[in-house]
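All remarks here apply to the structure that follows.
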Amino acid sequence: MEYVQQAGDVVKHFRETKLSTLKSPQEFFDHRQLSRPQNVNEATSRITYNTRHFSGNYLLVIGVLAIYALITNYWLLIALGFLAGGFALVNKFAPEPVQVGSTVVTQKSLYLALFVIGLPLLWIASPVSTFFWLVGSSAILILGHACLMEPGLESEYQGVEGV
C-alpha cells in the first residue's frame with residue numbers, strides 16, 4: 001500500500017510541475033509563427049527558448065511516441081508484460097517455498113525461471129533499437145519544432161522586471 005501512495009505522490013508532483021506547463025494546441029501548432037531561422041545563433045536561441053516554453057508539450061510528444069513504439073513492437077510488449085506480470089505473480093503468490101511433489105520450489109528458483117524465459121524474449125524484442133528510435137524521432141520532432149517556431153512577444157520581455 002505504501003508503494004501505491006508513493007506512486008500517487010510522484011504522479012501528482014509530475015502533473016503539478018510538468019503538465020501544468022502545457023500550452024494549448026492552437027499555440028503549439030500556430031503555423032503563423034513558423035519561419036526559417038536566419039543563422040545558427042537565431043536557431044540556438046529559438047531552441048533554448050522554445051524547449052523551456054513548450055516543455056510540457058514536448059514531454060507529451062515523447063510519451064505519445066513511446067506508446068506508439070510499444071504498440072507497434074508486439075514482441076517488446078509481450079516480453080515486458082511477461083517479465084512485469086511474472087515478477088508481480090512471484091511476489092504475490094510465492095513468498096514462501098512451496099512443496100510440489102518431491103521438489104521444493106523457492107522464490108529464487110521462480111525468479112531464475114522467469115529470467116531464463118524472459119530475457120531471451122526481451123532480446124528478440126530489441127528494446128535497444130526501440131529506445132534509439134524513440135530518442136532519434138523525439139529529437140528530430142522537438143528540435144525541428146523548436147527551431148522553426150518564432151518566440152512570442154513575451155520572450156522579448158523575459159529579462160525585464162516590473163518597476
Side-chain angles (χ1 to χ4, degrees), residues 2-91 111 114-162:
E2 180 181 321
Y3 295 115
V4 173
Q5 179 65 30
Q6 288 176 350
D9 291 342
V10 168
V11 169
K12 182 180 177 186
H13 177 70
F14 179 76
R15 187 176 57 230
E16 289 172 353
T17 58
K18 297 296 180 188
L19 293 184
S20 64
T21 64
L22 276 176
K23 305 299 179 202
S24 68
Q26 292 81 12
E27 184 178 353
F28 188 68
F29 296 113
D30 188 6
H31 61 86
R32 292 169 290 171
Q33 287 189 312
L34 288 176
S35 70
R36 194 174 72 115
Q38 298 299 319
N39 53 35
V40 175
N41 289 336
E42 184 181 355
T44 305
S45 67
R46 284 184 183 188
I47 290 171
T48 303
Y49 173 77
N50 285 330
T51 50
R52 264 186 275 116
H53 186 69
F54 293 115
S55 64
N57 296 73
Y58 292 150
L59 281 174
L60 192 64
V61 166
I62 292 169
V64 167
L65 287 173
I67 291 169
Y68 173 77
L70 276 178
I71 290 172
T72 57
N73 189 346
Y74 299 118
W75 281 107
L76 184 59
L77 199 58
I78 290 168
L80 290 176
F82 178 78
L83 286 170
F87 184 77
L89 289 173
V90 168
N91 276 340
Y111 282 131
L114 178 68
F115 287 117
V116 164
I117 297 169
L119 289 180
L121 269 177
L122 200 59
W123 180 263
I124 291 169
S126 65
V128 175
S129 66
T130 303
F131 173 76
F132 282 116
W133 176 85
L134 180 61
V135 168
S137 60
S138 299
I140 289 170
L141 285 174
I142 291 169
L143 290 176
H145 181 270
C147 183
L148 294 175
M149 287 294 285
E150 290 180 6
L153 291 177
E154 66 275 2
S155 70
E156 299 293 328
Y157 303 106
Q158 201 171 28
V160 178
E161 294 185 21

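Quantities reported herein were computed from a predicted structural model and do not represent experimental measurements.
Atom NE2 in His53 sits 13.5 Å away from atom CZ in Arg46 (nearest 0.5 Å). One distance of note links OG of Ser45 with CG of Asn50; it measures 9.0 Å at 0.5 Å rounding.
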Determine all donor-acceptor pairs shorter than 3.5 Å in which one atom belongs to a side chain in residues 140-152; sequence neighbours excluded.
{"from": "His145", "atom 1": "ND1", "to": "Tyr58", "atom 2": "OH", "distance (Å)": "2.7"}
{"from": "His145", "atom 1": "NE2", "to": "Phe28", "atom 2": "O", "distance (Å)": "2.8"}
{"from": "Glu150", "atom 1": "OE2", "to": "Ser35", "atom 2": "OG", "distance (Å)": "2.7"}

Cut-off 3.5 Å, no hydrogens considered: what does the side-chain donor-acceptor table look like for residues 126-135, sequence neighbours left out?
{"from": "Ser126", "atom 1": "OG", "to": "Ser129", "atom 2": "OG", "distance (Å)": "3.1"}
{"from": "Ser129", "atom 1": "OG", "to": "Ser126", "atom 2": "O", "distance (Å)": "3.0"}
{"from": "Thr130", "atom 1": "OG1", "to": "Asn73", "atom 2": "ND2", "distance (Å)": "3.1"}
{"from": "Thr130", "atom 1": "OG1", "to": "Ser126", "atom 2": "O", "distance (Å)": "3.3"}

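With sequence neighbours left out, Phe87 forms a ring-ring contact (aromatic ring centres under 6.0 Å, His included) with Tyr111. For Leu119, the side-chain contact (heavy atoms from CB on, under 4.5 Å) partners at least two apart in sequence or on another chain are Phe115, Leu122. Residues that satisfy the side-chain contact (heavy atoms from CB on, under 4.5 Å) test with Asn39, not counting sequence neighbours, are Asn41, Glu42. Taking Phe82 as the reference, nothing meets the ring-ring contact (aromatic ring centres under 6.0 Å, His included) condition, with sequence neighbours excluded. For Arg32, the salt bridge (Lys or Arg N to Asp or Glu O under 4.0 Å) partners are Asp30, not counting sequence neighbours.
With respect to Ile67, the side-chain contact (heavy atoms from CB on, under 4.5 Å) criterion is satisfied by exactly one of Ile71, Leu70, Val64: Ile71.
Judged by distance alone, the side chain of Asn57 and the main-chain N or O of Leu22 form no donor-acceptor pair under 3.5 Å.
Taking the side chain as every heavy atom from C-beta outward, Leu83 and Leu114 approach each other to under 4.5 Å.
Between Thr48 and Thr51, the closest heavy-atom pair is O-OG1, 3.2 Å.
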